[in-house]
Colleague: 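The structure follows.
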Amino acid sequence: MESLVQILLALLLSVIGALYLLGGFRRRRTGEPPLEKGLIPWLGCVLEFRKDTVKFLQRMKAKHGDIFTVQLGGFYFTFITDPQSFGAVVKESRAKLDFTNFADQLVERVFGYGAVEIKHKFFKNLQTTSTKHLMGDGLVVMTQAMMYNLQNLMLHSVGSGNGKVWQESGLFAYSYNIVFRAGYLSLFGNESPKGTGKESVEKAKEIDLQHSNDLFWEFRKYDQLFPNLAYGVLGPRGKMEAERLKRLFWNMLSVQKMKARDNVSGWVSDQQQVRAEHGMQEFMQDRFMFLLLWASQGNTGPSAFWLLLYLMKHPEAMSAVRKEVEEILKEAGQEVKPGGPLIDLSRDMLLKTPILDSAVEETLRLTTAPLLTRGVMEDMTIIMANGQEYKIREGDRVSVFPYLVHIDPEVHPDPLTFKYDRFLNADGSRKTDFYKDGKKLKYYSMPWGAGTTMCPGRFFATNELKQFVFLMLSYFDLELKNPNEEIPSIETRRWGFGSMHPDRDIQFRYRPRI
Ligand code: HEM
């Protein structure tokens, strides 16, 4: 009898323990934001959140206001939706709100990279290396490399001697492919020719074309698995495929292979060198290369697609950008003519494109949706812009999803329409005045995130997008196969992962202009 009581007691304790672990006992305390635990223990609201993050957060905002806490897969996330209050998150010290713990777990799961013990040193290194190689003078060098690789790829794709023959392709597949491969070759270097003769150089170019294309298609397979992998909900077959792909990338991008390549960018080689100097094992450095590939190539290709598509669907935008491109070429004394030299598009020329800049900013507003998350390191208070204070618990997470501001009609009137000049003032300068509740906003569009983790590749990425459009418009006539086809919708399962993908591709045609 006594042992039965003991068993029942143990059972009761386990149930209570499990309920505790599943968050069953959590109650909103005085001073805390409204709490939404969802109906399913532990999972909370994660299914609805993942199905369509935008719809879910809009529903929560309508129900609770500008701040609320939601249970998602065992964690409690406090969302702040008032853009005036974003500074309270992105500017908070790392002693209170830290991104590394959260990011490290994700990076370990997704890339197998786990060199956390010296992470702060490496993080600083990422920032200094990016400032040196992806901004200022470094960007002049990267622009040249990108120019060379983009033209090789674009002009190769129409072949030689075909005359003005139309080629047909999916616009997403084409844009992502070209921008990914050019970006990859510019950052990770080119095949080293085996000799000095013209033939060896041509052979090396051929290898670059083939290798970068193979890499792209493998990357796309990983890309498809990525959202479920990041949320830890891949099925067994998906897991096996993700493992296979990871190993393939570690191998294809290995430090040994990189050392045999020419023109490896300082951004890649400096970061590898710092890790080697700190004694990181080579297999871990190989994994880091994959992380760099992902960060640098996962977003720009999809954004290039949206930009070109919006221009093709909005003739007034296309003609304004085309006019700007033609004027810049003319001013630089360049012309695209049969048998003539290739375009030499410099960083300086790319600084004189206010209309294209606005079109890029507008594209990113409509199609970039990162979820910015910080781990709460100690019990703390968040002070909202209206002075209201909320207590947040250690171990929780705090998130900002700026896309809700991107599509807020008060901030950006008619928010779902592409307006190429939305970010232009009448005098041609960049427009930065956007308002909510009569107050000027600092955070009106955040495709690059904000604060210390703000995308360090943003200037290079913007340049890539501009180079891509500049060259496409200069070298090719372009048209949609069916000009009346609607712009595809956004694939909702990728909300939170940066540049969004379309839910289907759209066919287009291109042919050399001369
Ligand atoms: C349209 C293209 C791009 C978009 C929309 C984009 C967006 C972002 C966003 C939203 C983040 C996270 C920011 C945060 O958590 O606060 C990020 C991080 C990062 N991006 Fe980009 N990015 C783009 C292109 C690039 C390129 C071309 C590079 C490098 C050449 C790059 C390198 C990185 C790196 C290394 C990080 C991690 C920063 C860290 O951990 O602190 N990105 N990017």
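Note that ligands are numbered from 1 as they come in the structure, with each ligand's atoms numbered from 1 the same way. Atom set for the values below is all heavy atoms of this structure, side chains included, hydrogens, waters and symmetry mates excluded.
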Colleague: In terms of ring plane angle, is the pair Y184 and F180 parallel, tilted or perpendicular, where the classes change at 30° and 60°?
Modeller: parallel
Colleague: Mind checking whether T453 contacts ligand 1 via backbone (N, CA, C, O), side chain (CB onward), both or neither, at a 4.0 Å heavy-atom cut-off?
Modeller: both
Colleague: Just need the protein heavy atom nearest to atom 39 (C) of ligand 1, so name the residue and atom and give the distance.
Modeller: L126 CD2, 3.8 Å
Colleague: Show which atoms of ligand 1 fall inside a sub-4.0 Å distance from at least one heavy-atom site of P447.
Modeller: 5 (C), 7 (C), 10 (C)
Colleague: Ring-plane angle category for F497 and Y231, please: parallel below 30°, perpendicular beyond 60°, tilted otherwise.
Modeller: perpendicular
Colleague: Assess the residue pair D357 and R430 against the criterion (salt bridge (charged side-chain N to carboxylate O under 4.0 Å, His left out)); give the C-alpha distance rounded to whole Å, side-chain angles, the decisive distance to 0.1 Å, and a yes or no.
Modeller: CA-CA 8 Å; D357 287 338; R430 180 174 174 224; over 6 Å; no
Colleague: Report the part of L372 (side chain from C-beta onward, or backbone N, CA, C, O) that has a heavy atom under 4.0 Å from ligand 1; answer both or neither where that applies.
Modeller: side chain
Colleague: Considering only heavy atoms of P370, which atoms of ligand 1 have at least one such atom less than 4.0 Å away?
Modeller: 10 (C)
Colleague: With heavy atoms of T368 as the reference, note each atom of ligand 1 found under 4.0 Å away.
Modeller: 5 (C)
Colleague: With a 4.0 Å heavy-atom cut-off (strictly under), which part of L292 contacts ligand 1: side chain, backbone, both or neither?
Modeller: neither
Colleague: Look at the aromatic rings of F77 and F79 and report parallel, tilted or perpendicular, splitting at 30° and 60°.
Modeller: parallel
Colleague: Check whether more than 12 heavy atoms from other residues, nucleotides or ligands sit under 6.0 Å from atom CG of D414, and answer yes or no.
Modeller: yes
Colleague: Would you mind checking which non-hydrogen protein atom is closest to atom 1 (C) of ligand 1, with the distance to 0.1 Å?
Modeller: S303 OG, 3.5 Å
Colleague: My understanding is that only one of D262, N149, N152 makes a side chain to side chain donor-acceptor pair (under 3.5 Å) with N190; could you say which?
Modeller: N149
Colleague: How does L134 reach ligand 1, if at all, at less than 4.0 Å between non-hydrogen atoms: by side chain, backbone, both, or neither?
Modeller: side chain
Colleague: Taking the ring centre of each residue, are F305 and Y176 less than 6.0 Å apart?
Modeller: no
Colleague: Could a heavy atom of W267 be found less than 4.0 Å from some atom of ligand 1?
Modeller: yes
Colleague: Is it the side chain (CB and beyond), the backbone, both or neither of E464 that lies under 4.0 Å from ligand 1, heavy atoms counted?
Modeller: side chain
Colleague: Heavy-atom contacts with S499 under 4.0 Å: which atoms of ligand 1 show up? List them by number with element.
Modeller: 5 (C)
Colleague: A quick test of your reading: do over 12 heavy atoms of other residues, nucleotides or ligands sit less than 6.0 Å from CD of E486?
Modeller: no
Colleague: Go through the structure and list residues passing ring pair (Phe, Tyr, Trp, His ring centres under 6.0 Å) with F434, not counting sequence neighbours.
Modeller: H412, F423, Y444
Colleague: May I ask you to determine how many protein N/O/S atoms are under 2.8 Å from atom 21 (Fe) of ligand 1?
Modeller: 1
Colleague: Which heavy atom of the protein is the closest neighbour of atom 41 (O) of ligand 1, given with residue, atom name and distance?
Modeller: F123 CE1, 3.1 Å
Colleague: Check ligand 1 against F460 and write out every atom of the ligand that is under 4.0 Å from a heavy-atom position of the residue.
Modeller: 27 (C), 30 (C)
Colleague: Determine whether the aromatic ring centres of residues Y222 and F290 are separated by less than 6.0 angstrom.
Modeller: yes
Colleague: Quick check with a 6.0 Å cut-off and a 45 degree axis cone: is R458 positioned over the face of W448's six-membered ring?
Modeller: no
Colleague: Taking the six-membered ring for Trp and the single ring otherwise, decide whether the centroids of F283 and W250 are under 6.0 Å apart.
Modeller: no
Colleague: Using a 3.5 Å distance criterion without hydrogens, assess whether the side chain of T353 forms a donor-acceptor pair with backbone atoms of L350.
Modeller: yes
